[in-house]
Amino acid sequence: MKQRTIRREARISGVGLHTGNRSNLVFRPAAAGTGIVFVRTDLPGAPQIPADVTHVVGLDRGTSLGTDGAKVHTVEHVLAAVTALGIDNLIVEVDANEPPVGDGSALPFFLSLKEAGIAEDDRERAVFSLNRPFHFHEGIVQFTLVPSDRFQVTFSIDFDHPLIGHQYASFEITPEVFERELAPARTFGFLHEIEKLKEAGLIRGGSLDNAIVIGEREILNRGSLRFPNEFVRHKILDLIGDLSLFGREIKAHVIAHRSGHKTNVKLVNALLEVARDERNGGRAYGAPLERPTAQGDGQPSASGGPIAGEAPFGIHDILSVIPHRFPFLLVDRILELEPGRRIVGIKNVTINEPFFTGHFPGQPILPGVLIVEAMGQVGGFLLLNSFDTPADKLVYFVGLDDVRFRKLVQPGDQLRMELTLVKLRGRTCRMTGTASVDGVRVAEATLTAMVVDRLAAGARP
């Protein structure tokens with residue numbers, strides 16, 4: 001794809017969410033190679049602030065950029081809209097220290113830019129891709145980036161609040177999807193935090209017109225939420241905006257769990273190390289990647305290209321994590337992964353399975369113990385991806401409870417296995433699992449497992 005900007009200028013006015021200052025924002029076209037640049041037109045000399053991670057100066061309830069004392073607060077909604085439209089070069093003039101908040105979503109910015117029209121340049125876009133999964137975590141926050149030929153975000157959150165709880169969403173990020181599914185999702189906060197935030201000099205422009213306010217038992221805003229899971233959708237919106245600070249298009253499936261602005265930016269810095277470092281992040285961030293090479297106009301990209309296939313994790317990724325091999329590898333693909341919480345994998349059952357030669361040859365049936373083993377392998381993939389170096393670990397299952405077999409599984413069936421992590425303490429975990437064929441449950445079990453170092457267990461790397 002070619003670099004893009006807008007055809008004509010566009011304007012938005014309002015108040016800043018945190019500063020409460022009146023703000024007028026103007027989007028202007030920019031030449032190829034400019035990047036996204038904020039300009040403080042209200043300050044002497046109209047200082048320019050590039051929208052990249054090296055100019056991040058604050059991450060308290062929003063992402064702030066700055067240079068030489070000039071700052072622009074809460075830029076993530078603007079940047080999310082810019083990213084969703086594939087805009088590479090743009091001047092964002094603002095006559096205050098914060099863009100207008102609008103209704104608390106990215107929709108006003110998106111619609112304004114969309115109406116301004118998109119223009120292409122002759123220069124190629126800067127693109128970054130991976131050829132193996134990339135893992136990054138800090139405390140309870142976890143990221144996994146999976147090779148892909150497109151940009152997709154999967155996000156899960158857990159709040160100890162009855163009106164939020166666990167929420168999960170996954171979207172391929174295209175202009176159409178962003179406008180319909182993500183841009184309208186509004187920022188949110190809790191009623192009990194308001195006074196403390198105001199004392200800290202924040203949310204001076206906040207109101208029920210530009211933020212969702214959550215009380216102990218009810219949402220204070222009039223009307224219903226725009227989406228049943230609006231909270232996690234807004235988290236995806238914020239992540240898209242923060243990832244734009246990487247400075248190049250990311251082609252990957254980004255799987256995030258419980259992240260916020262601070263860890264979003266730490267992920268960007270980790271990816272920059274992958275792009276710069278010959279060791280590509282090394283052991284600190286999980287499975288090593290192939291060395292990035294320059295392509296075209298200085299575009300960093302992992303050699304080898306993305307792994308083909310529709311699944312987030314294909315067979316090559318599975319082989320790089322779990323130790324099983326033929327004839328005992330019983331997982332073909334991982335379809336969904338919420339790090340530290342949930343996983344879905346599949347096994348295609350064929351007549352060529354070696355055990356069918358002796359297990360009821362006249363009426364081949366997948367042995368129940370192998371259904372449980374397949375569930376265990378899928379669960380093991382989930383558990384191993386909680387560690388920085390999954391290939392250095394093994395999962396031993398030490399207990400099975402409440403095992404039930406409900407229906408025969410035969411050649412031609414596709415076994416879909418879903419495992420949910422119930423408890424993880426140190427290196428010991430407990431998971432509940434189900435297996436189904438065509439939506440009908442065929443087996444279920446509760447599995448207890450422990451993670452050990454592969455070399456300490458006597459296995460060879």
Side-chain angles (χ1 to χ4, degrees), residues 35-38 49-68 71-80 82-83 88 125-148 151-155 173 235-294 298-303 339-340 385-389:
I36 311 302
V37 180
F38 287 85
I49 308 171
D52 61 53
V53 73
T54 63
H55 288 86
V56 172
V57 295
L59 294 166
D60 193 6
R61 299 293 177 134
T63 301
S64 300
L65 304 175
T67 182
D68 297 328
K71 297 180 182 180
V72 181
H73 302 275
T74 327
V75 299
E76 60 271 15
H77 299 175
V78 174
L79 294 177
V82 170
T83 300
D88 305 278
R125 302 192 76 190
V127 177
F128 179 77
S129 60
L130 301 169
N131 75 335
R132 295 184 187 177
F134 174 85
H135 309 279
F136 177 86
H137 70 84
E138 181 176 274
I140 62 173
V141 176
Q142 298 186 10
F143 286 103
T144 296
L145 274 68
V146 182
S148 178
F151 181 35
Q152 180 176 346
V153 178
T154 296
F155 209 119
I173 310 305
K235 285 287 190 177
I236 293 176
L237 187 160
D238 282 346
L239 177 59
I240 293 170
D242 290 337
L243 285 177
S244 73
L245 301 173
F246 187 63
R248 51 187 68 84
E249 179 186 7
I250 297 173
K251 287 195 173 182
H253 181 183
V254 181
I255 305 170
H257 178 60
R258 301 183 73 167
S259 185
H261 294 295
K262 293 180 181 178
T263 42
N264 292 348
V265 170
K266 287 184 178 181
L267 172 64
V268 172
N269 282 310
L271 289 174
L272 285 172
E273 287 300 314
V274 171
R276 286 193 296 254
D277 193 341
E278 292 185 359
R279 296 169 300 167
N280 303 306
R283 297 172 63 88
Y285 303 120
L289 308 170
E290 297 298 326
R291 178 175 179 174
T293 57
Q299 302 172 30
S301 173
S303 62
N385 272 279
S386 300
F387 294 85
D388 288 339
T389 54

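Please read all numbers here as calculations on a predicted model, not as lab measurements.
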Exercise for review: For residues Thr63 and Thr74, determine if any side-chain heavy atom of one lies less than 4.5 Å from a side-chain heavy atom of the other.
Suggested key: no
**Study point:** N/O donor-acceptor pair under 3.5 Å between Ser259 side chain and Ala256 backbone
**Key:** no
Check your understanding: Do you know the tightest heavy-atom contact between Val153 and Leu239?
Key -> CG1-CD2, 3.8 Å
Check your understanding: Is there side-chain contact between Phe155 and Ile255, with heavy atoms separated by less than 4.5 Å?
Key -> no
Check your understanding: Side chains of Val127 and Ile250: closer than 4.5 Å at any heavy-atom pair?
Key -> no
**Study point:** 4.5 Å side-chain heavy-atom contact, His55 and Pro50
**Key:** yes
Exercise for review: State, with a plain yes or no, whether a side-chain heavy atom of Leu271 is found less than 4.5 Å away from one of Leu145.
Suggested key: yes
Review point. Does His257 offer a backbone N or O that forms a donor-acceptor pair with the side chain of Gln142 under 3.5 Å?
Key: no
Point to revise | Considering all heavy atoms, the nearest Gly241-Leu79 contact | key: O-CB, 3.7 Å
Point to revise | Side-chain touch Leu65/Val57, heavy atoms, less than 4.5 angstrom | key: no
Practice item. Please round to the nearest 0.5 Å and tell me the distance separating atom CD1 of Ile240 and atom CD1 of Ile173. Key: 3.5 Å
Check your understanding: Donor-acceptor pair, Arg248 side chain versus Phe246 backbone, under 3.5 Å?
Key -> yes
Exercise for review: With sequence neighbours left out, write down each residue that passes side chain to side chain donor-acceptor pair (under 3.5 Å) with Thr67, or none if nothing qualifies.
Suggested key: none
Review point. Would Asn264 and His261 satisfy side chain to side chain donor-acceptor pair (under 3.5 Å), going step by step from the backbone distance to the final call?
Key: CA-CA 5 Å; Asn264 292 348; His261 294 295; 4.5 Å; no
